[in-house]
Amino acid sequence: MVHFLARRSTLRYLILRQTSKLSASMSTSQSGPQTTNIFTSQLRQLRNLSSNDSVLASGNVISHLIFSGNPTNLPKSAKVLPGYNQRSLISCGVRLFSSQAAAATEPSTSDGLTVEGILANNWTILDESENDWKSHASAIAQSIHLIKKRLQWKKLMVRLDLLSAELNKPNLWDDPVHAGKISRKHGSLMGKMKEVMAFEQELCEHIDMLKLAREENDSELESETMKALLRMRRDSKEKELEAMLSGEHDSSSCFIEVQAGAGGTESMDWASMVMQMYKSWAQRRGYRVSVVDEMPGDIAGIKRATIKVDGEYAFGYAKAEVGVHRLVRISPFDSAKRRHTSFAAVAVIPILKDVSSRVQIKESDLRIERFRAGGAGGQHVNTTESAVRIMHIPTGITATCQNERSQHQNKASAMAVLQSRVDQLEMARQAQMNAQHTESLTEISWGNQIRTYVLHPYRMVKDLRTNYEVSDPDAVLDGDLDGFILSFLSASLDKDEDQYAI
Amino acid sequence: MMKARCLLRAPYSSSPLVSSTLHRFCKPGNKFASQNHTLAFSSSVSSSSVSPISSSPSPLSSHHKPQVPLFLRPPIYSATLSDLTNFFNWGKTLASSVGSSFEQIDNGPDATLLLRELKWFLDDAVEDSSLILHLGTPQNERFLSMEVRLRAGLDQIYQLWKQRIEERRPLQYIVGCEHWRDLVLSVEEGVLIPRPETEKIVDLVEDVVGKCGVLREGLWVDLGTGSGALAVGIARVLGKSGKLIATDLSPVAVAVARYNVERYGLQGSIEVRQGSWFDPLMDLEGELAGMVSNPPYIPSKDISGLQAEVGKHEPGLALDGGVEGMDHLIYLCMRTSTMLKPGGFFAFETNGEKQCNLLAHYLENAAGSNFRDVSIVSDFAGILRFVTGYRK
Ligand SMILES: C[S@@+](CC[C@H](N)C(=O)[O-])C[C@H]1O[C@@H](n2cnc3c(N)ncnc32)[C@H](O)[C@@H]1O
């Protein structure tokens, strides 16, 4: 933000900045009493602090004041319009003094538009290439909204208030260790809060700038601002994804397993369609895909299969797919052309990156067998089939791999699957993760349907958890899953936040 | 891993099998030497269709020029994705038509396995093998006119797959390689395709040299090296200081083994010598730290009933172990104590329980009590497969 702004025509920038600050403070002052309350309460706090002989605590607060109140990042030569400056200094100082104040003076544009307001406007989000500021702003606002959810914003504010109250206690520094802890915690939450607020502020400033540019017919400034908005949009998308995929193992690679439900060939065919959907999805995302284990159906499809999806955040995304997927169509395997409903279960297992967090598997706890071996073996037989099944005796967990071209590699692959399954079991035991994501195929109950794909009598795919719905099943089956995945992930953030809402 | 300490049985002289075998021990390999050429080239009718194209290995053997595996050939051919999809569908139909018929005739591959082989075949033949994952799926329809680069001409690809199904030519000869352990070894007609069971010998050696640094530093031999699988695998386990000699009677095997040694950059640690068993090792009596071998061990009477991929295509010299299948094994064991230095390790692969027991019994008793810790080790299918031990 700073670099970008520093490059701007500073004078213009300052006018704008001050105007926006001013109007922000004025817009709140319309609800008079509240502002006054905050203001006086801040002053009271200031007084308290200065009467407190703790240098650190008061120093902290004062540095906040100075830092946030002064446009320190601007060149010294920048001219500040007299009159505006003082008031804005006060409003900024107040704004960042405590979280309560921060919430009260939410960043807004000169005409009072806040990020919440942008969201509420529900402006259509167009493709990035469309130079439409409303679309950019709306996309950015959505990202900010998601990031706030991930940070458990409401909870964060409450905690900040509690910490501020704690910091204001006159006897706080009687226990310097405790005080240090509180002050550090406060600082770190404050940092997070300020980062988001600064982001909101930046958005508002861009919008103001754009309006100004249009009013003044300054096309150069307009295009520059538009570019800045676009840059911010990309930036915020990235931040949003980071925020959404911040689970402990989200950045890991993973295995995806699909198993056909009851119903013979029709459901085995469905299982292989589901598997193909994930292969395509993973390839679209640029992940490496390899088939680890595949049990083909007798006539068509698969009974069960495991693929490995290699790449950053594969697990974070794929975990959204865990559960039962239901298909309704006229079965090509039914000569009477009746409508069939079939099921396929999906499980996702993270491949832990941190070797030290893996369960140590003892060699002596393993039973390794050649799979489907028969006859004399050795020189008698030439087969490319070298499948291996490994069983972890203490847990009874097994893993098979037959898709590698050497037994050695099949063993290594099966061992990797086994390791991840054992790790997953251990994680489930420690309840470190959302219970559902840790479900293995055998545990997934066929009642846990997450999505329905209807090919007949009408066409649609609907997620039963989020109600996200599309009318083009072919695209979805061709791997176009991100809409479903992202809406599920952001919905789970909602759930998380609700849990903490006070 | 199952290790069974072998049980003591009656002395070998009372065992008719061992004594009868021993009577005929004199260099059994020579018996087959004359067959070598006919056997090695008997399948060359089909193999000639895949001629080495370029980047051929340096002339290592004056007798035989090894073939370059398909996956290493330059992608100088091309076809549209549509053509390739057609081939894939044709190949699938051909493979599916097999059903379980080969399995019923001689325990050969079933349709499922052949379909997997078809994918692997394309993996090797197509430059961008990520395409294969999507062959025949609807999303590829958009790209049907796209050109795909190939390592063999499309007509040749058709011909090769036909050979796989109709002549039962092993996939490994068709693609010119076998994936074995973490290696991709070059193979061709005239050389045994290394078996998954044999991988275990490398594990056994790894255990042994892990425990004993002196053995790691010492000289190892692989007798009847074939493609050089064991030699290359063990040399990599021994590490930089490893020294190993690999021998084979077959000139094709010697050439292919040298090629594989070169491909893995192990010329510095592996020397390949041609000759019958210990003949090329006369200078090394009592010097060896370790000795491994997977000699031919199939009883002669079983050769005719072998699975077509083996019986019709793999060299008899690599398979036929004489009447009881033990001619070579016994011969090798008889010389083991003179070749190994004290403390030296050996591992032999056998046909199964019967041969293991006989061999272990022989080594523990008849061989003048020269050995200690003679063990029988089973393979992953649970068949007693290997005999190992140390020279006292
Ligand atoms: C069963 S194959 C094993 C090849 C290789 N070691 C492997 O495990 O894949 C037996 C090998 O012994 C070789 N062989 C047969 N008779 C031999 C002899 N008299 N001296 C040396 N090698 C011989 C064959 O040429 C063949 O390569």
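Source: prediction; values computed, not measured. Within every chain, numbering begins at 1; the chains are lettered A, B, ... in the order of the sequence lines, protein sequences first and strands thereafter.
- Only the backbone of A:Glu404 comes within less than 4.5 Å of a heavy atom in chain B; its side chain stays farther off.
- With hydrogens and angles disregarded, no donor-acceptor distance shorter than 3.5 Å links the side chain of A:Gln379 to the backbone of B:Asn351.
- Contact of the B:Asn107 side chain with the A:Val381 side chain is not registered, since no non-hydrogen atoms from C-beta on lie closer than 4.5 Å.
- Side-chain atoms of B:Glu199 come within 3.5 Å of backbone N or O of A:His408 as a donor-acceptor pair.
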Using the rule given for salt bridge (Lys or Arg N to Asp or Glu O under 4.0 Å), can you reason through A:Arg370 versus B:Glu197, listing the C-alpha separation, both sets of side-chain angles and the distance that settles it, and then say yes or no? CA-CA 10 Å; A:Arg370 180 115 180 237; B:Glu197 285 87 347; 3.1 Å; yes

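- Separation of atoms OG1 (B:Thr112) and CE (A:Met295) is listed at 11.0 Å; rounding is to 0.5 Å.
- In this structure the side chain of A:His380 never reaches within 4.5 angstrom of the side chain of B:Ile303, judged on heavy atoms.
- Contact of A:Asn410 with chain B is not made at all, since no heavy-atom distance falls under 4.5 Å.
- Residues A:Asn382 and B:His313 are not in side-chain contact: their nearest non-hydrogen atoms beyond the backbone lie 4.5 Å or more apart.
- The one candidate from B:His179, B:Glu309, B:Glu117 that meets the side-chain hydrogen bond (donor to acceptor under 3.5 Å, both in side chains) condition with A:Thr384 is B:Glu117.
- Of all heavy-atom pairs spanning A:Arg405 and B:Asp123, the tightest one is NH1-CB, 4.1 Å.
- Taking the side chain as every heavy atom from C-beta outward, A:Glu385 and B:Arg116 approach each other to under 4.5 Å.
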